[in-house]
Protein chains: 2
Amino acid sequence: MATVSIKEVARRAGVSIGTVSNVLNHPDAVAVATRRRVLDVIAELGYVRNDSARQLRAGRSRTVAMVALDLGNPFFTDVMRGAEIAAETAGVNVMIFNSGEDVTRERRHLDILNEQRVLGVLITPVNETHDARLDQLVEHGIPVVLVDRGSGSHHRCSVAVDDVLGGQLAADHLRELGHPRVAFVGGPLSIRQVSDRYAGFTAALAGGPQIRLVATTNLTVAAGRAAGQEIADLPAAERPTAVFCANDLLALGLLQEMTSRGVRVPHDVAIVGYDDIEFAAAAAVPLSSIRQPREQLGRAATQLLLEEVNEPDKHQHRHVVFRPELVVRQSSEPVPTKRRK
Amino acid sequence: MATVSIKEVARRAGVSIGTVSNVLNHPDAVAVATRRRVLDVIAELGYVRNDSARQLRAGRSRTVAMVALDLGNPFFTDVMRGAEIAAETAGVNVMIFNSGEDVTRERRHLDILNEQRVLGVLITPVNETHDARLDQLVEHGIPVVLVDRGSGSHHRCSVAVDDVLGGQLAADHLRELGHPRVAFVGGPLSIRQVSDRYAGFTAALAGGPQIRLVATTNLTVAAGRAAGQEIADLPAAERPTAVFCANDLLALGLLQEMTSRGVRVPHDVAIVGYDDIEFAAAAAVPLSSIRQPREQLGRAATQLLLEEVNEPDKHQHRHVVFRPELVVRQSSEPVPTKRRK
DNA sequence: CGCCGGAACTGAAACGTGTCAACCGTGCCC
DNA sequence: GGGCACGGTTGACACGTTTCAGTTCCGGCG
């Protein structure tokens, strides 16, 4: 129970402390016999290196941290997976923190990371705006990479997905299907992702079909149901024939409401969601959606981070933007009958 | 950029190192004027404490770690949330690690936690069997609490949910509805959770309706669809009138397959899932399910852990078992017509 | 006036490593 | 046989804290 230190190992093995240290860090530099003996003692005593002491000596940790905005959201767990893979291949450890959209908690986490002298930080900050604490990290030589927050700042790297393009992909798809009336369901527009998707959507449809904006207060299934109610209640002549949702949750709620009211999907209304979450494909009517390369996002972020860690001088800050991808499923499939004008 | 240490602060403030340390840790012990001066210098220099050095001195960290089996699974993110809340109120930090069902990665994480001299570890191990590495932690004075793994071991605490009772709840529900033929969908039975649910289910129905076991190779939506196919293909006289799924994902797949084949839910077949995941309520037909107190699980685990941390001597290892809860929704509602015999 | 006590502060030791210059011995080459 | 190179090992120092026994200073009391 009393933790055994390198000193004790050295004593029991009849060698100096330095030799034990060498066995662990530079095994080649020590004679095979001594090495064996030391390793035996280590095993016998159950000696475990003290990371605090190592870090103190080294001045730097060997782990990177990811501060996720909301680990309940599959988006971030996928990003995390990508980060873990990239870190693993680089021989670096990842520890995860969850801010849960709570600024206070985020701050506390960042303070701790600063005190821990972490290798680097991957973060999706709660506030899109400049956070002094992030600058503080950078000033202390801890690289920061923003995830899914396209801060145009040149002080750090960032990775993101092109949400404008995502909206555009949905728009192009619906335009090709020849929909006369379309709607965008989503909100609040104060969320950049939402407004970007909306912007891309409307821009790509300019001069085309009539666009209705159905604003929601959040991005939940319940909000989707409410939007569905609003849309279903419209007179048939005004009702959109296709809906693009800012989110798969909205789309699922919408789908559910439509189905329960006898509005057929995609027959009467086509639906396209966003995110391609696991349940999109498993919905009652499999959902078309815009897929984001989430794992890749995490991988790229980690690579940028490690690049900066390893070559702080040569490093040029970059902003990597990934392209989302349209996944067509049944909810927006062209309907075989010539019902559609 | 060059990190500034307490020494530099002391020099600039014209005091000794010890005084600066006191300002930080025992503010009352230092005169108000000096305190002010030191704090000013700290702010001016942007001094940040070196956690490695503190820990080295203290011999112990101030954070607990949670090693989750699969953060992609909402079950664990909810447990995590509970743990974070409990830790927060105790003034302790939580860092999350994800083993992703990978033994190698789990081992690596545990080694690191051991080296970090973490306060304690919350873990759902990949293998149900005794892992030497966990014992190693305990031997080094690091308490371990098992989450959702009811190891009867008396070497550590554990928290879990009574899966047998869960199966029983589903059974009682279906029995009350008077179903003549029921089925259990799930597998592999080598997973303790699955076999427990099955055991509770069959035990509670003993002497009652006929029970069919539809074994699946995993717990995914796809497996649920396959099971749905198998069930729908049965001759009407043999087809179960109610199905209990080991998992909501299975239930969703099953539901989807049934609906697409014109088998009405709950009219022709009632469905009860397990876990009450977010999408259970949002399914085309809202899904009845067995809910587990997931956040509470995390809170309890953390409390047990901290209790052991704070009073290692008085501490008695305990195994807390929570009761799951039946949530009835449309998928198993009694059908008003007297169609059912 | 001398002494005492307490508040405020100091200085050094210790925590467990990694590193690195110095040292030792052995075998080889000339 | 003497010097040299080199593999193997040692010992001391430094990393940045916290802690604690001392030291200093000062006001109050006998």
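Note on naming: letters A, B, ... go to the chains in the order of the sequence lines (proteins, then strands), and numbering restarts at 1 for each one. For the numbers below, each heavy atom of this structure counts, side chains included, while hydrogens, waters and symmetry mates do not. Since the model is a prediction, treat every value here as computed from it, not as a measurement.
A salt bridge is absent between A:Arg49 and B:Asp111: the closest approach of a Lys/Arg side-chain nitrogen to an acidic carboxylate oxygen does not fall below 4.0 angstrom. Under a 4.0 Å N-O distance rule, the pair A:Asp78/A:Arg81 qualifies as a salt bridge. By the 4.0 Å N-to-carboxylate-O rule, A:Glu8 lies close enough to A:Arg11 to be salt-bridged with it. Salt bridge present: B:Asp135 and B:Arg156 bring a charged side-chain N and a carboxylate O closer than 4.0 Å.
The residue among B:Ala31 and A:Leu24 whose nearest nucleotide of DNA chain C lies closer to the 5′ end is B:Ala31.
A donor-acceptor distance shorter than 3.5 angstrom exists from the side chain of A:Arg62 to the backbone of A:Gly91, with no hydrogens or angles considered. Within the 3.5 Å criterion, the main-chain N or O of B:Leu71 finds a donor-acceptor partner in the side chain of B:Asn98.
Overall bending of the helix from C:dC1-D:dG30 to C:dC30-D:dG1, expressed as the angle between end axes built from five pairs apiece, is 70° (10° steps).
Mapping heavy-atom proximity under 4.0 Å, the span of DNA chain C touched by chain B runs 5' to 3' from C:dA8 to C:dG16.
Atom CZ in A:Arg35 sits roughly 14 Å away from atom P in D:dG7 (whole-Å rounding).
When all heavy atoms of A:Gln136 and B:Val48 are compared, the closest pair comes out as NE2-CG2, 3.9 Å. For the pair A:Val9 and A:Val20, the tightest heavy-atom approach, listed with the atom from each and the gap, is CG1-CG1, 3.9 Å. Considering all non-hydrogen atoms of both residues, A:Thr302 and A:Ala86 come closest at CB-CB, 3.7 Å.
Here the rule is side chain to side chain contact (heavy atoms under 4.5 Å, CB included) with B:Phe97, and of B:Glu106, B:Met66, B:His109, B:Arg108 only B:His109 fits it.
For B:His26, a side-chain nitrogen or oxygen approaches OP1 or OP2 of D:dT19 to under 4.0 Å.
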Check your understanding: Can you give one letter per nucleotide of nucleotides 11-17 of chain D, going 5' to 3': B for a protein heavy atom under 4.0 Å from the base, S for sugar-phosphate only, - for none?
Key -> ---BBBB
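Across all strands shown, A:Thr34 has heavy atoms under 4.0 Å from sugar-phosphate atoms exclusively, and none from any base.
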